[in-house]
Amino acid sequence: MNLDRITEEFPAPSYRGNQRDALSSISEAFDGGKDVVLVRAPTGSGKSLLARAIAGCARRPDEAAPSDATGAYYTTPQVSQLDDVAADELLDDLKIIRGKRNYSCILPGETDTPVDRAPCAREKGYDCSVKHRCPYFSDRAIASNRDIAAMTLAYFMRTAGSEVFRKRDVVVVDEAHGLAEWAEMYATIDLHPGTVPVWDDLNVPDVGEAGLDRTVRFAERLQNVCRRRKDDLIAQQELDPHEAAERDRLQELIGELDWFVEDYRDTESATTWVVDQQRGGASSGDGEGGGGGPITIKPMNPERYLAHTVWDRGNKFALLSATILSKEAFCRQVGLDPANVALVDVGHTFPVENRPLYDVTRGKMTYEHRDDTLPEIARTIVRLMQHHRGEKGIVHAHSYAIQERLADRFDDFGVGDRVRTHDKDDRDAQLDSWKATGGEEVFLSVKMEEALDLKGDLARWQVLCKAPFLNTGDSRVAHRLEEGQWAWYYRTALRTVIQACGRVVRSPDDYGATYLADSSLLQLFDRAESDVPPWFAEQIDRMSRPDLPEFDPASASESAVGASAGGSRRRANRRNGASTSGSRSADQTSEGASADRQSSGSDGSSSGRSSREKKSPMADVWDVE
């Protein structure tokens with residue numbers, strides 16, 4: 001790594017904010033002997049530009065011995081972030097490679113076929129006459145030879161051990177705060193009819209109290225069944241697209257199970273595995289026992305997985321994010337030695353008055369309190385719609401159940417003509433459509449707290465409806481809390497809140513207000529106070545209650561005349577599947593308690609940090625070969 005080049009490798013014509021100082025600090029950290037540098041840079045710091053400068057310092061072939069690693073990888077867990085990189089002219093020398101399913105075959109009659117289902121994937125020994133022009137293989141060849149190859153984290157991890165994408169000198173991970181969680185998610189094995197092509201041939205055991213031991217035995221039997229079926233498919237001269245997909249899934253599943261069994265039997269592995277199982281009968285077939293349902297095998301602290309898929313892939317690493325809140329905790333989660341890791345803090349350059357927090361709490365949004373609190377939050381959002389006439393806003397609903405209840409309330413209030421919703425299938429389409437419209441439409445969103453750029457008039461205000469605590473019904477979460485890891489629990493929620501607060505303020509001259517509607521958010525700030533970055537603590541300390549107009553839905557709708565029709569139209573859309581299914585009375589909607597139960601302190605809308613007001617107050621690609 002040649003750090004003398006770091007400033008000349010910076011791709012922009014000039015520096016903005018603290019970028020020059022950040023590069024100097026990063027260079028000093030690597031020069032000081034650290035192999036890993038964490039760069040904690042808030043929204044608007046130009047992390048992608050910093051990442052490009054760091055990657056540009058990677059050793060070049062003319063500076064290296066034949067056996068030395070050269071070049072760099074740029075990777076991010078978020079597809080939207082990679083899309084932004086692809087669209088940035090300052091980063092056009094990063095060669096992006098995506099999974100096969102993102103490319104179309106160019107053979108006559110196959111132009112609507114993704115490359116992973118093309119004739120070369122279906123027919124044994126198929127000699128493609130246009131492989132040299134295949135968009136996937138062309139991009140892969142170029143990326144493998146380019147100084148900087150860019151890809152999603154999923155693709156990067158899946159190519160571990162590949163002869164095409166070998167070890168490089170430098171690896172840069174953008175938006176790296178969730179690296180441990182992403183690794184756990186990628187390493188999770190879901191076994192159910194939709195993921196196991198041979199499910200009907202199995203006798204799935206009830207793992208019961210035997211837990212992991214019985215699961216391992218079942219995994220070994222399942223591997224054998226999968227291998228036999230895969231061998232049968234491989235023996236065929238030609239496969240149809242469905243059979244090709246089955247073959248690929250079987251190969252993937254065999255690898256996943258092999259990793260699980262090997263890691264479980266490794267007495268030196270630091271990975272802890274937990275197993276969840278749904279109840280239900282199973283088809284007859286081979287194997288022990290029976291009567292079990294779908295199984296999910298989950299790793300915790302997957303240090304060995306990350307060692308193979310990430311840490312063995314480079315000599316030097318730069319991990320960038322606004323929300324790596326604790327160096328020690330982060331290192332512990334991802335299997336790094338803190339002594340070999342440096343933390344570089346990049347100061348926030350956005351005026352704090354341009355990114356205000358407002359306390360509009362109306363009680364807790366835990367499952368037990370939601371029936372009382374949600375109607376009050378709905379009324380508050382209507383008042384915010386009155387207050388922000390002529391401005392677009394986004395409401396982070398946290399879950400589709402909350403989203404639907406709020407949407408029904410807005411329809412009942414007659415302001416549905418100003419609200420847009422989405423479901424899991426049309427999420428991206430609705431978001432793009434909302435961003436493309438002007439006016440004052442309010443987007444009722446789910447899980448859009450991260451990787452969303454709402455600069456300028458795209459959104460001037462946002463509401464956080466619920467503290468984003470993890471689901472305590474999840475076995476991994478429950479296991480950690482049983483071990484007393486409450487600091488991790490609160491830190492994870494705080495990270496999502498900080499990410500969300502950065503969605504509507506994207507540059508020093510941008511501005512946007514964030515309203516906190518769940519009183520548990522205020523308690524979160526107190527409980528995670530030691531992990532709050534100074535620049536965000538400044539926002540919390542300045543938090544106040546806004547002066548909002550009295551509740552008057554008619555003045556919040558697009559037009560008093562059109563309000564009723566708009567509400568009826570939105571209810572019809574939801575019945576037809578344009579949003580979440582069904583149109584139920586908000587007071588009659590019920591949700592699963594396990595998805596929302598979480599630790600919380602005393603109730604009341606003025607608790608937590610709000611007391612400081614008196615002083616001055618959250619598709620990747622998998623196909624890689």
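Everything numeric in this text was worked out from a predicted model, so none of it was measured.
Not counting sequence neighbours, D88 has no partner by the side-chain hydrogen bond (donor to acceptor under 3.5 Å, both in side chains) test. Residues that satisfy the side-chain hydrogen bond (donor to acceptor under 3.5 Å, both in side chains) test with Q462, not counting sequence neighbours, are H396, T514. Residues satisfying the salt bridge (charged side-chain N to carboxylate O under 4.0 Å, His left out) criterion with D453, sequence neighbours excluded, are R506.
Ion pairing of R495 with E181 is present here, as a side-chain N (NZ or NE/NH1/NH2) and a carboxylate O approach within less than 4.0 Å. In summary, E9 and R52 engage in a salt bridge, as defined by a charged side-chain N under 4.0 Å from a carboxylate O. Between R405 and D371 a salt bridge is recorded (basic side-chain N to carboxylate O distance below 4.0 Å). With salt bridges taken as basic N to acidic carboxylate O contacts below 4.0 Å, none links E449 and R503. Classification of K392 and D457 as a salt-bridged pair fails, no side-chain N sitting under 4.0 Å from a carboxylate O. K47 has no carboxylate O lying under 4.0 Å from a charged side-chain N of D174, or vice versa, which leaves the two without a salt bridge. R98 and D139 are not joined by a salt bridge, as no carboxylate oxygen comes within less than 4.0 angstrom of a charged side-chain nitrogen. A salt bridge links R545 to D359: at least one charged side-chain nitrogen sits closer than 4.0 Å to a carboxylate oxygen.
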Can you check side chain to side chain contact (heavy atoms under 4.5 Å, CB included) on I498 and L325, steps first, answer last? CA-CA 10 Å; I498 295 175; L325 301 180; 4.0 Å; yes

Start with the C-alpha gap between F551 and F413, add the side-chain angles, then the distance that decides, and say whether ring-ring contact (aromatic ring centres under 6.0 Å, His included) holds. CA-CA 10 Å; F551 180 71; F413 292 149; 5.2 Å; yes

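None of H422, K435, R420 except one satisfies the side chain to side chain donor-acceptor pair (under 3.5 Å) rule with Q430; the exception is R420.
Heavy-atom minimum distance, A51 versus Y74: CB-CE1, 3.8 Å. Across all their heavy atoms, S45 and R16 have their closest contact at C-NH2, 4.1 Å.
Ring planes of Y73 and F156: perpendicular class, angle over 60° (limits at 30 and 60°). Classification of the Y515-W461 ring pair by plane angle, with boundaries at 30° and 60°, yields perpendicular. Ring orientation note: the planes of Y136 and Y103 are nearly perpendicular, at an angle over 60° on the 30°/60° scale.
At least one side-chain heavy atom of D510 sits less than 4.5 Å from a side-chain heavy atom of R460.
Between F410 atom CZ and M385 atom CE the span is 6.5 Å, to the nearest 0.5 Å.
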